[in-house]
2 protein chains.
Amino acid sequence: MTTRDTILQAALERFARTGYLGSSIQQIADDVGTSKSSVLYHFESKEALLEAAMQPAIDAMSALVAALPHAGPDKLEAVPALATGFVDVLMAHSAAVSVFVTQRGALRDVPVIGRANALVDAIASTLVQEAPSARVLTRVSIGLAGVAFILGDALDDDREHVHPAEMREIFIDTLLELCLAQPESLESAR
Amino acid sequence: MTTRDTILQAALERFARTGYLGSSIQQIADDVGTSKSSVLYHFESKEALLEAAMQPAIDAMSALVAALPHAGPDKLEAVPALATGFVDVLMAHSAAVSVFVTQRGALRDVPVIGRANALVDAIASTLVQEAPSARVLTRVSIGLAGVAFILGDALDDDREHVHPAEMREIFIDTLLELCLAQPESLESAR
DNA sequence: TCGAACTCTGACCGATCGGTCAGTACGATG
DNA sequence: CATCGTACTGACCGATCGGTCAGAGTTCGA
């Protein structure tokens, strides 16, 4: 693995664990056993380093969105595939997900964060049916945010580790339930 | 309103919008039209300021948890009341919720964040039934995290504003559905 | 063998950070 | 009037931040 890739990986882990603003270039350099100047040789700035570290996750999510039917009768059928793909991308890039979830507020004017926001919007609008009610919209948001948050959080969780495949299934099921189930049937339970 | 209270409010809003590490004492002082020294006169450190700003939300959530039955047959009946109380506290302290959701990783060794984590654990363990499966545990986590995330995010959201009472109802319904519904019935939908 | 390109480094820079401190303004109290 | 506590401020401090730069070590093709 090249020095550049090593830095990239260490930076992503640091950003996920202590936040972008809470991570210094010097710390990242120490993590990989090089110098701050070396980091700044491979990446022209700290922000460029963040950008490069997030890119693989952005690319994977972009590919997912690009494969979607944008409208028409196929849209509803695409929901399960999208939910599955979404969870898979999230699980494959959990560190980047953690960075996005926790830093998107403080870094709202960083370009790569803005691009990630646009991707999430595209996914959410596909997961809900046409002319969505506030109810369904909110339910889908809860599902997307909840799954992303837990996955990002699971990095340093000392909690009992559930088998990843089991987690994946639970995430997909719950997401689909929030997207597709008729919530009105639950009213009587209140 | 006293200067101290003004600082407290401005600090909470700043922390929620740009993060704890992304907010300087100087900026908070500028927000309220005073000096950095004045802020440090009322609060002995930046961390003490965070602590004081989060305290009302911590207190409200503590009161909610303290009123819970810890075990026994009453526990299941307490779930709807807890979910309702949880959502109400979250909505009443959305800025503090935003700080907690986004900063808890980077600030994991700050005492007030640790206390908030313990509260969330207490609530989660009440919302799930005895001997919870990984499935229910994960579903509840998705619900709690999703609702908290959206509420914290809604602060600067320029999206269409749904009526707060409607949001409250949707949150509570969805949370209860994730806690109580039999997810197995959804299997056939896949 | 020469030099160009690539990788990497330590010294250094201005800015900003959280925090300290001496001192000032002022209303209340004796 | 003198004094004391409260509220507040500007000057200042050491540390650390992101970033620049000149140069050293190495590799490799001409």
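Given the structure is predicted, the values throughout are model-derived calculations rather than measurements. Chain A is the first sequence line, chain B the second, and so forth, proteins listed ahead of strands; every chain is numbered from 1.
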Undergrad: Enumerate, atom names and distances included, each donor-acceptor pair closer than 3.5 Å involving a side-chain atom of residues 34-43 of chain B, sequence neighbours excluded.
TA:
| residue | atom | partner | partner atom | Å |
| --- | --- | --- | --- | --- |
| B:T34 | OG1 | B:S38 | OG | 3.1 |
| B:S35 | OG | B:S38 | N | 3.2 |

Undergrad: B:Y20 and B:F15: aromatic ring centres closer than 6.0 Å?
TA: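 Under 6.0 Å, so yes.
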Undergrad: Residues in side chain to side chain contact (heavy atoms under 4.5 Å, CB included) with A:A48, at least two apart?
TA: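 Result, side chain to side chain contact (heavy atoms under 4.5 Å, CB included) vs A:A48: A:E44, A:S45.
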Undergrad: Between A:V87 and A:L90, does the side-chain contact (heavy atoms from CB on, under 4.5 Å) criterion hold? Intermediate values first, please.
TA: CA-CA 5 Å; A:V87 170; A:L90 253 49; 5.6 Å; no
Undergrad: So if I define the base as every atom that isn't primed, P, OP1 or OP2, how would nucleotides 7-21 of chain D read as a B/S/- string at a heavy-atom cutoff under 4.0 Å?
TA: BBBBB-----SBBB-
Undergrad: Transitively linked via ILVMFWY side-chain contacts under 4.5 Å: A:L176 with B:V140?
TA: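 As far as the 4.5 Å side-chain criterion goes, B:V140 and A:L176 are connected within one cluster.
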